Enquirer: 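Handing you this structure, nothing more for now.
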Protein chains: 2
Amino acid sequence: MRLSKRGEYGLRAMIALAEPADKSDAPHMMQIKEIALREGISAKFLEQILLALKNNGLLHSKMGVGGGYYLARSANEITLGQIFRVLDGPVAPVKCVSQMAYEPCGCPDEETCGLRLVMGDVRNAIADILDTTSLADVVKRQGSLRKKLGIK
Amino acid sequence: MRLSKRGEYGLRAMIALAEPADKSDAPHMMQIKEIALREGISAKFLEQILLALKNNGLLHSKMGVGGGYYLARSANEITLGQIFRVLDGPVAPVKCVSQMAYEPCGCPDEETCGLRLVMGDVRNAIADILDTTSLADVVKRQGSLRKKLGIK
DNA sequence: CTAAAAGTATACTTGTACTATAGACTTTAT
DNA sequence: ATAAAGTCTATAGTACAAGTATACTTTTAG
């Protein structure tokens, strides 16, 4: 049930962009290099990932000197599920229980296939978390944890 | 979050073996060929999978003429989680939230990493389902569904 | 006791997806 | 005009998944 590096790096970058830049609530614009350095990722690889997120409407960018990437919508309107699906595809463990990208699997009777029933539950459990957690939720959670631990 | 073919076939085979052979509650012994045919799987590939399950103590086998595979324990003592881990490895989407196979990931501060927090939730949601569902549960669920639909 | 049925074990192949890396191009600020 | 930044496409190396092949061992029937 692994999350790919692509997915991992993309989610990390989006979370970084969701953190407030300063006291103001202006959108946090960051350059690829800046994110790559901070997260310890190859800048070129991250480039592709951010591009995919942009092409799917989750990021905007500004070209030229002083440019960078920023969230296309406010952090509480972007869910982890949206990001995940762009980078890693459907959430479902097997295609035959996918809501977004259904395909039949090979079982004789899909209606009463035991494996399908359980995998359907798994899919729902994962989707419940990813689709109800926004970037803002993640940032908030990080923040209160840092506060509790007395860190920066 | 895909389930590999290896995992899928193995789980299907185990469920098949968990279904009662007849009225008696003797262990259901089946040959590789028999399972492969029923599930529409390559027998040679299934062979490897069943061997792995045997070497990890989930199956027993009887060699020679009239032999076959059967569950090493009763169907309610084998969980899907056990089978899954043998065939597909850890349940956790990222290694740094794995209970069974922890490894650090690259984040600056693991304690307050937002991604890690969420992926921990995902891991627990998946593990909750797989580790509390036994083969017997799956068979029971299939049975009641078949009954409800009036099928065989 | 021997032949055939069945599982054991390992090695090989083929394809695809992951994880990048490279390089040429476009836009923008100064 | 130039340099800083993003855009886009192609390619490469590696690892892993999925499936094949082959040779060997154990067991039972006859």
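All figures in this text were calculated on a predicted structure; none of them were measured in a lab. Numbered from 1 within each chain, the chains take letters A, B, ... in sequence-line order.
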Enquirer: Hydrophobic cluster mates of A:Leu37, side-chain heavy atoms under 4.5 angstrom, ILVMFWY only, any path?
Expert: none
Enquirer: Evaluate the side chain to side chain contact (heavy atoms under 4.5 Å, CB included) criterion for residues A:Glu8 and B:Met119: first the C-alpha distance (whole Å), next the side-chain angles of each, then the deciding distance (0.1 Å), finally the verdict.
Expert: CA-CA 10 Å; A:Glu8 180 186 330; B:Met119 287 302 145; over 6 Å; no
Enquirer: Would you mind classifying the nucleic acid contact of A:Leu50 as base, sugar-phosphate or nothing, using non-hydrogen atoms under 4.0 angstrom?
Expert: nothing
Enquirer: Tell me the interatomic distance from A:Leu59, atom CG, to D:dG6, atom C1', rounded to whole angstroms.
Expert: 12 Å
Enquirer: Specify the separation, in whole Å, of atom CD of B:Gln31 and atom P of D:dT27.
Expert: 16 Å
Enquirer: If the condition is side-chain hydrogen bond (donor to acceptor under 3.5 Å, both in side chains), which residues does A:Lys5 pass it with, not counting sequence neighbours?
Expert: none
Enquirer: Could you state the CD1-P distance from B:Ile32 to C:dA9, rounded to the nearest angstrom?
Expert: 12 Å
Enquirer: In chain order, what residues pass the side-chain hydrogen bond (donor to acceptor under 3.5 Å, both in side chains) check against B:Ser42, with sequence neighbours excluded?
Expert: none
Enquirer: For residues 30-54 of chain A, which residue pairs pass the ring pair (Phe, Tyr, Trp, His ring centres under 6.0 Å) check, not counting sequence neighbours?
Expert: A:Tyr9-A:Phe45
Enquirer: Restricting to side-chain hydrogen bond (donor to acceptor under 3.5 Å, both in side chains), what partner residues turn up for B:Asn56, sequence neighbours left out?
Expert: none
Enquirer: With nearest nucleotide decided by heavy atoms, which residue, A:Asp88 or A:Leu46, maps closer to the 5′ end of DNA chain C?
Expert: A:Asp88
Enquirer: Show me the protein contacts with nucleotides 13-17 of chain C, counting only N or O atoms at under 3.5 Å.
Expert:
none

Enquirer: Once each nucleotide of nucleotides 22-30 of chain C is scored for protein heavy atoms under 4.0 Å, what B/S/- sequence comes out, 5' to 3'?
Expert: BB--BBBS-
Enquirer: Any pair with a residue in residues 63-115 of chain A that passes ring pair (Phe, Tyr, Trp, His ring centres under 6.0 Å), sequence neighbours left out, goes on the list, sorted by first then second residue, please.
Expert: A:His60-A:Tyr70
Enquirer: Rounded to whole angstrom units, what separation is found between the CG atom of B:Leu51 and the C1' atom of D:dC24?
Expert: 13 Å
Enquirer: Provide the closest heavy-atom pair for A:Leu87 versus A:Arg6 in the form atom of the first, atom of the second, distance.
Expert: O-NE, 3.3 Å
Enquirer: What is the distance, to the nearest angstrom, from the CZ atom on A:Phe45 to the P atom on D:dT11?
Expert: 19 Å
Enquirer: May I have all residue pairs that pass salt bridge (Lys or Arg N to Asp or Glu O under 4.0 Å) and include part of residues 84-105 of chain A, sequence neighbours excluded?
Expert: A:Arg85-A:Asp131
Enquirer: Take A:Gly67 and A:Asn55, find for each the nucleotide of DNA chain D with the closest heavy atom, and name the residue whose nucleotide sits nearer the 5' end.
Expert: A:Gly67
Enquirer: Output the rounded distance in Å from CG (B:Leu3) to C1' (D:dA17).
Expert: 12 Å
Enquirer: Can a side chain N or O of B:Ser61 be found less than 4.0 Å away from OP1 or OP2 on C:dT8?
Expert: yes
Enquirer: Minimum heavy-atom separation for A:Ala13 to A:Leu46, with atom names?
Expert: CB-CD1, 4.1 Å
Enquirer: Not counting sequence neighbours, list each pair that qualifies as a salt bridge (Lys or Arg N to Asp or Glu O under 4.0 Å) and has a residue in residues 34-47 of chain A.
Expert: A:Glu19-A:Arg38, A:Lys44-A:Glu47
Enquirer: Give every residue pair that meets the salt bridge (Lys or Arg N to Asp or Glu O under 4.0 Å) criterion with at least one member in residues 109-121 of chain B, sequence neighbours excluded.
Expert: A:Arg141-B:Asp121, B:Glu110-B:Arg116
Enquirer: Looking for any heavy atom pair under 4.0 Å, which part of the strands does A:Lys33 touch: base, sugar-phosphate only, or nothing?
Expert: nothing
Enquirer: Between residues 4-13 of chain A and DNA chain C, which residues have a heavy-atom gap below 4.0 Å?
Expert: A:Ser4, A:Lys5, A:Arg6, A:Tyr9
Enquirer: Figure out the CD1/P separation between B:Ile49 and D:dG19, and round it to whole Å.
Expert: 8 Å
Enquirer: What integer distance in Å separates A:Glu34:CD from D:dA4:C1'?
Expert: 14 Å
